[in-house]
2 protein chains.
Amino acid sequence: MVTQKHLEKILERLEQAETLDGLQTASVTLRDTLDVGHIAYHWVDSAGDQYGCGTYSIAWQERYLDKNYLRIDPVVIGCYQRFHPVDWKRLDWSSKAARAFLSESIEYGLGNQGYSVPIRGPNGQFALFSVNHSCSDEAWADFTELHRRDLILIAHYFNEKALEFEPERTPEQSQALSPREVDALTLLAIGYSRAQVANTLAISEHTLRVYIESARFKLGALNTTHAVARALSRGLIVV
Amino acid sequence: MVTQKHLEKILERLEQAETLDGLQTASVTLRDTLDVGHIAYHWVDSAGDQYGCGTYSIAWQERYLDKNYLRIDPVVIGCYQRFHPVDWKRLDWSSKAARAFLSESIEYGLGNQGYSVPIRGPNGQFALFSVNHSCSDEAWADFTELHRRDLILIAHYFNEKALEFEPERTPEQSQALSPREVDALTLLAIGYSRAQVANTLAISEHTLRVYIESARFKLGALNTTHAVARALSRGLIVV
DNA sequence: CCTGCCCTCGCTATTTCTGGGGAGTTGATA
DNA sequence: TATCAACTCCCCAGAAATAGCGAGGGCAGG
């Protein structure tokens, strides 16, 4: 049983971690505090880069990366589509690949029970915080029921730290767009053609072109699609 | 001061909400329990649809929608780029539009302090949970420091409910893209022309076109720019 | 007062994208 | 084994976007 005090201690420890190694040792402590088989944090972006951290054996981690299990892991696939934390039993294990993956994971020391919290950050960043254990269904249901909130918080703090250590998220302060440029790019981003945008904004198509061009210039973009993509990923427009 | 018991009660109440109206009344209770000026939940999806819920005045909500303040609200823009909860003071209020927005919001009854938790769901769903109050900087710093964890949890539960009531994001709407489609859209998003993309991927331009078309179809996009924008905001590609 | 930025409009020519067809190979899944 | 999804290639005509040259009025800050 994890008390409020335990939780505070765990979160503080996570907050104080200063390196990825620190997160690694914190996760061992976390596993012992929660008294479960394994805990794991798994970070992935749409470019396919991964970072893992937790108490799984090195052999399993290597196997996972080597075989590119990311693509077939029902935990990853299932969590990617939902917001809610989920018990592994409720995921789709019907495919042959999934069942093979499951039995292999058990060979590598994973337990029969699992619970994962999906977390998302800016720019398509996606991470999973998972707890893994070996016990009966009833005991596991009790555990997850009891610790659901704690796990959400821990997942959040874990991800916060992982993001902090990842220099990927370069803010890249860019020049602000004028209101009309924002209008133009926004409408283009929702699929309007130039003629439609011009019509919507009640300006000539040529004027619109000037906006798009100046936005392209400000954003250092090579074409309209590029400009829209940059404006989106820099948060200058919201679609 | 909100005790652990208060928090549990709030979360339970949120869990038990069965309609959007239920969330609305829960948010009033929540505001009173936290003893702040306002609380607000603001949901946005990649199609540009919005849903708001909270204790802001109807007049302000209408004004916000009417003027499309979503596009200039520094809270939305700032939170869209980060994972961490953030104090409104730390956002970028330098633009003229932002300052006008701020003073107008105060006219409509908002306080001078604010704190927002960004939350993300599948398919580019993005939401904000905000607390707003009128007090000194020191008092606010104490409040946010003390309640940071609670606010994260409350935000999470709020979003969970809001997603539950919004059947918009059905799994079928989130067609996954094939690897080649991801390649194509990614390269387009960084400004390559079709000829360049085809060359980079070492395929014919016609083949590339097939990918773009099928990606457009899967994403329900009207043209290439739209497809790239949707893929970006749903986190299917990263630039 | 001038400089710079924002907003507005016009023309022509070229390049690029889109939409309509069709066809064959893999590989995994059922 | 059959089916489906993904991947690859081809033609053509019309629609749309880009590049190049212009122009002028308004509004703010140095």
Side-chain angles (χ1 to χ4, degrees), chain A residues 67-69 71-72 74 77 92-101 174-229 236, chain B residues 71-72 94-97 99-100 172 174-229 236:
Chain A
K67 289 278 181 178
N68 205 18
Y69 278 157
R71 304 283 174 205
I72 59 160
I77 294 170
D92 176 21
W93 296 92
S94 60
S95 86
K96 207 169 57 181
R99 284 194 302 272
F101 170 78
S174 58
Q175 210 173 343
L177 299 175
S178 80
R180 279 314 224 184
E181 287 158 1
V182 171
D183 292 344
L185 291 187
T186 303
L187 292 173
L188 288 170
I190 60 174
Y192 283 25
S193 70
R194 291 211 310 204
Q196 287 176 305
V197 174
N199 197 40
T200 305
L201 297 179
I203 55 176
S204 79
E205 205 174 324
H206 182 90
T207 303
L208 171 67
R209 218 188 65 186
V210 175
Y211 297 149
I212 299 174
E213 272 171 16
S214 78
R216 263 213 320 263
F217 181 75
K218 286 181 180 174
L219 295 167
L222 298 168
N223 53 43
T224 302
T225 301
H226 194 195
V228 168
L236 299 172
Chain B
R71 312 277 177 213
I72 59 161
S94 60
S95 86
K96 206 171 59 179
R99 283 194 303 269
E172 61 158 357
S174 64
Q175 277 265 42
L177 298 176
S178 78
R180 279 314 223 186
E181 286 158 1
V182 171
D183 292 343
L185 290 187
T186 303
L187 292 173
L188 288 170
I190 60 174
Y192 284 25
S193 70
R194 290 211 310 205
Q196 287 176 304
V197 174
N199 196 40
T200 305
L201 297 179
I203 56 178
S204 80
E205 205 174 325
H206 307 108
T207 303
L208 172 67
R209 219 188 61 189
V210 175
Y211 297 147
I212 300 174
E213 272 171 19
S214 79
R216 262 212 320 266
F217 182 74
K218 285 181 180 175
L219 295 167
L222 299 167
N223 52 45
T224 302
T225 300
H226 194 195
V228 168
L236 300 172

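Just so it is clear: chains get the letters A, B, ... in the order the sequence lines come, proteins before strands, and each one is counted from 1.
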Name the pairs: protein N/O against N/O of nucleotides 26-30 of chain C, kept only if under 3.5 Å.
none

- [ ] Please tell me if the side chains of B:Gln196 and B:Leu187 come closer than 4.5 Å, counting only heavy atoms from C-beta onward.
- [x] no
Should [X] be listed as having a side-chain N or O under 4.0 Å from OP1 or OP2 of [N]?
{"X": "B:Lys218", "N": "D:dA5", "answer": "no"}
{"X": "A:Ser214", "N": "C:dC6", "answer": "no"}
{"X": "B:Ser178", "N": "D:dA5", "answer": "no"}

- [ ] For A:Thr200, enumerate each residue passing the side chain to side chain donor-acceptor pair (under 3.5 Å) test, keeping only those at least two apart in sequence or located in another chain.
- [x] none
Open item on the list: Can you pull out every salt bridge (charged side-chain N to carboxylate O under 4.0 Å, His left out) where at least one residue sits in residues 219-229 of chain B? Sequence neighbours excluded, please.
Closed with: none
Open item on the list: B:Asp183 vs B:Tyr211, test: side-chain contact (heavy atoms from CB on, under 4.5 Å). Steps then yes/no.
Closed with: CA-CA 9 Å; B:Asp183 292 343; B:Tyr211 297 147; over 6 Å; no
Return the value, rounded to whole Å, for the distance between atom [atom1] of [X] and atom [atom2] of [N].
{"X": "A:Asp183", "N": "C:dT8", "atom1": "CG", "atom2": "C1'", "value": "15 Å"}
{"X": "A:His226", "N": "D:dA17", "atom1": "NE2", "atom2": "P", "value": "19 Å"}
{"X": "A:Glu205", "N": "D:dA17", "atom1": "CD", "atom2": "P", "value": "7 Å"}
{"X": "B:Tyr211", "N": "C:dC17", "atom1": "OH", "atom2": "C1'", "value": "18 Å"}
{"X": "B:Asn223", "N": "D:dA17", "atom1": "CG", "atom2": "P", "value": "8 Å"}
{"X": "B:Leu188", "N": "D:dA17", "atom1": "CG", "atom2": "P", "value": "15 Å"}
{"X": "B:Ile212", "N": "C:dG20", "atom1": "CD1", "atom2": "P", "value": "16 Å"}
{"X": "A:Ile203", "N": "C:dG10", "atom1": "CD1", "atom2": "P", "value": "11 Å"}

TODO: Please identify each residue that fulfils side chain to side chain contact (heavy atoms under 4.5 Å, CB included) with A:Ala195, with sequence neighbours left out.
DONE: A:Ser193, A:Glu205
Remember a base hit wins even if backbone is also touched, and classify [X] as base, sugar-phosphate or nothing at under 4.0 Å, heavy atoms.
{"X": "B:Ser193", "answer": "sugar-phosphate"}
{"X": "B:Thr224", "answer": "sugar-phosphate"}
{"X": "B:Thr207", "answer": "base"}

Task: Residue of the set A:Leu219, A:Val228, A:Thr186 for which side chain to side chain contact (heavy atoms under 4.5 Å, CB included) holds with A:Leu236 - done: A:Leu219
Between the protein and nucleotides 20-24 of chain D, which nitrogen or oxygen pairs come in under 3.5 angstrom?
| from | atom 1 | to | atom 2 | distance (Å) |
| --- | --- | --- | --- | --- |
| D:dG20 | O6 | A:Arg209 | NH1 | 3.1 |
| D:dG20 | O6 | A:Arg209 | NH2 | 2.2 |

- [ ] Could you grab the distance from atom CG of A:Asn223 to atom CD1 of B:Ile190, nearest 0.5 Å is fine?
- [x] 10.5 Å
Open item on the list: Rounded at 0.5 Å granularity, tell me how far CG in B:Leu201 sits from OH in B:Tyr192.
Closed with: 10.0 Å
- [ ] Could I get the full list of salt bridge (charged side-chain N to carboxylate O under 4.0 Å, His left out) partners for A:Arg216, not counting sequence neighbours?
- [x] none
Task: Proximity to the side chain of B:Arg180 - top-ranked nucleotide from C:dC6, D:dA19, D:dT8 - done: D:dT8
TODO: Apply the test side-chain contact (heavy atoms from CB on, under 4.5 Å) to residues A:Arg180 and A:Thr207: give CA-CA distance (whole Å), side-chain angles for both, the deciding distance (0.1 Å), then the verdict.
DONE: CA-CA 10 Å; A:Arg180 279 314 224 184; A:Thr207 303; over 6 Å; no
